[in-house]
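The structure appears below as structure tokens.
Because the structure is a prediction, the values reported are computed rather than measured.
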Amino acid sequence: MTLEELTGEQSRGKMDSVGTALEEVLNKAKVQRTITIGVYEAAKLLNVDPDNVVICLLATDETEDQDVALQIHFTLIQAFCCENDINILRVSNMSRLAEILGGSDKPGEPADLHCILINNPHASQLKDPAINKVINFCKESRYQDQWVPVINLPER
């Protein structure tokens with residue numbers, strides 16, 4: 001195995017472990033009600049209380065990558081998050097995200113999973129290894145000038 005292949009393999013392993021940690025963070029946030037789901041709901045929270053947001057997830061599937069309005073929303077949210085030191089992740093597996101978070105609050109309407117905010121957890125949760133793993137991954141990515149790293153949630 002070449003050094004390039006080994007580095008790529010290590011990178012994939014790290015991405016998988018961060019994806020697993022992110023799944024754990026999402027499940028805990030859902031139970032503890034420290035999650036905000038939806039572009040407009042996220043924008044409202046960011047406007048009112050940006051200091052309470054720890055992680056911002058931006059998610060699309062391949063068909064929505066060409067949605068100009070959604071990309072404009074993402075650009076504005078990313079800029080705001082960068083300006084307010086909020087960790088940002090791009091999630092590329094919308095169907096897995098929908099499995100983790102469940103359906104919509106409104107029957108017959110799909111949930112808007114394009115933007116998800118993880119709100120500031122209780123002090124004891126800041127010691128949680130899963131959230132720390134995700135936050136550290138975001139910081140490491142920024143050190144490598146990758147301001148919005150892409151993560152793929154592991155399939156089950």
Side-chain angles (χ1 to χ4, degrees), residues 6-62 64-65 70-103 105 111-156:
L6 184 61
T7 305
E9 193 66 34
Q10 288 172 336
S11 179
R12 276 189 295 281
K14 184 173 190 159
M15 296 288 271
D16 287 345
S17 71
V18 172
T20 302
L22 179 58
E23 183 176 344
E24 188 178 323
V25 167
L26 289 168
N27 283 319
K28 286 179 183 176
K30 190 169 85 170
V31 168
Q32 295 163 345
R33 303 181 65 80
T34 57
I35 191 168
T36 301
I37 299 173
V39 172
Y40 296 108
E41 291 78 7
K44 285 190 271 184
L45 178 64
L46 287 170
N47 187 43
V48 174
D49 193 11
D51 295 334
N52 196 35
V53 178
V54 179
I55 299 170
C56 175
L57 302 177
L58 301 174
T60 59
D61 58 27
E62 289 147 13
E64 294 168 326
D65 278 342
L70 186 59
Q71 295 309 316
I72 290 170
H73 281 116
F74 280 3
T75 301
L76 293 171
I77 290 169
Q78 287 173 22
F80 187 89
C81 289
C82 286
E83 194 172 297
N84 287 279
D85 295 322
I86 298 169
N87 297 296
I88 312 166
L89 276 174
R90 197 84 187 239
V91 178
S92 62
N93 192 343
M94 284 280 285
S95 59
R96 182 68 188 120
L97 192 58
E99 284 175 27
I100 294 167
L101 296 176
D105 292 338
D112 174 11
L113 301 176
H114 294 109
C115 184
I116 298 167
L117 303 178
I118 306 298
N119 305 330
N120 199 7
H122 307 294
S124 63
Q125 289 175 307
L126 286 175
K127 297 174 187 165
D128 178 39
I131 200 161
N132 283 326
K133 180 174 263 193
V134 174
I135 289 170
N136 287 334
F137 174 75
C138 291
K139 286 180 183 177
E140 288 172 15
S141 296
R142 282 195 301 272
Y143 292 142
Q144 298 170 5
D145 285 335
Q146 186 181 3
W147 289 88
V148 185
V150 178
I151 199 85
N152 196 13
L153 292 165
E155 291 291 335
R156 292 282 171 215

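Here the side chain of Asp49 pairs no donor or acceptor atom with the backbone of Leu45 at under 3.5 angstrom. Checked by atom type and distance alone, the side chain of Asn87 pairs as donor or acceptor with a backbone atom of Val54 at under 3.5 Å. Checked by atom type and distance alone, the side chain of Asn120 never pairs as donor or acceptor with a backbone atom of Val53 at under 3.5 Å.
Separation of atoms OG (Ser92) and CG (Leu58) is listed at 12.5 Å; rounding is to 0.5 Å. Between the CD atom of Glu99 and the CD atom of Glu155 there is a distance of 6.5 Å, given to the nearest 0.5 Å.
Contact annotation: the side chain of Ile55 approaches that of Ile131 to within less than 4.5 Å [non-hydrogen atoms, C-beta and beyond]. Using a 4.5 Å cut-off on side-chain heavy atoms (C-beta onward), Asn119 and Leu117 make contact. Side chains of Ile151 and Asn93 form no contact here, defined as non-hydrogen atoms less than 4.5 Å apart. Residues Ile37 and Asp112 are not in side-chain contact: their nearest non-hydrogen atoms beyond the backbone lie 4.5 Å or more apart.
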* To do: Could you go through the side chain to side chain contact (heavy atoms under 4.5 Å, CB included) check for Leu153 and Ile100 one step at a time?
  => CA-CA 10 Å; Leu153 292 165; Ile100 294 167; 3.9 Å; yes
* Asked: Are Val134 and Ile118 close enough, and set up right, to give a side chain to side chain contact (heavy atoms under 4.5 Å, CB included), and what steps lead you there?
  -> CA-CA 11 Å; Val134 174; Ile118 306 298; over 6 Å; no
* Please test Leu89 against Cys138 for side chain to side chain contact (heavy atoms under 4.5 Å, CB included), starting from the C-alpha separation and ending with a verdict. => CA-CA 7 Å; Leu89 276 174; Cys138 291; 3.8 Å; yes
* Take Asp128 and Glu24 through the test side chain to side chain contact (heavy atoms under 4.5 Å, CB included) and record every step on the way to the result. => CA-CA 10 Å; Asp128 178 39; Glu24 188 178 323; 4.1 Å; yes
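Minimum interatomic distance between Cys56 and Cys115 (heavy atoms only, all atoms of both residues): SG-SG, 4.0 Å. Ile35 and Lys30 get closest at one heavy-atom pair: CG2-CA, 4.1 Å. Closest approach of Ile86 and Pro50 over heavy atoms only: CD1-O, 3.8 Å. Of all the heavy atoms in Thr36 and Ala42, the pair that sits closest is CG2-N, 3.9 Å. The shortest heavy-atom contact between Thr20 and Pro154 is OG1-CG, 3.7 Å.
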Under 3.5 Å, sequence neighbours excluded: what are the donor-acceptor pairs made by side chains of residues 73-80?
unit_1, atom_1, unit_2, atom_2, d
His73, ND1, Ala69, O, 3.0
Thr75, OG1, Gln71, O, 2.8

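For the side chain to side chain donor-acceptor pair (under 3.5 Å) test, no residue two or more places apart in sequence or in another chain qualifies with Ser141. Partners of Glu23 under the salt bridge (charged side-chain N to carboxylate O under 4.0 Å, His left out) rule, at least two apart in sequence or in another chain, are Arg96, Arg156. Legend: residues meeting side-chain contact (heavy atoms from CB on, under 4.5 Å) with Ala59, ordered by chain and number and at least two apart, are Val91, Met94, Leu97.
Residue pairs satisfying the salt bridge (charged side-chain N to carboxylate O under 4.0 Å, His left out) criterion with at least one member in residues 78-95, sequence neighbours excluded, are absent.
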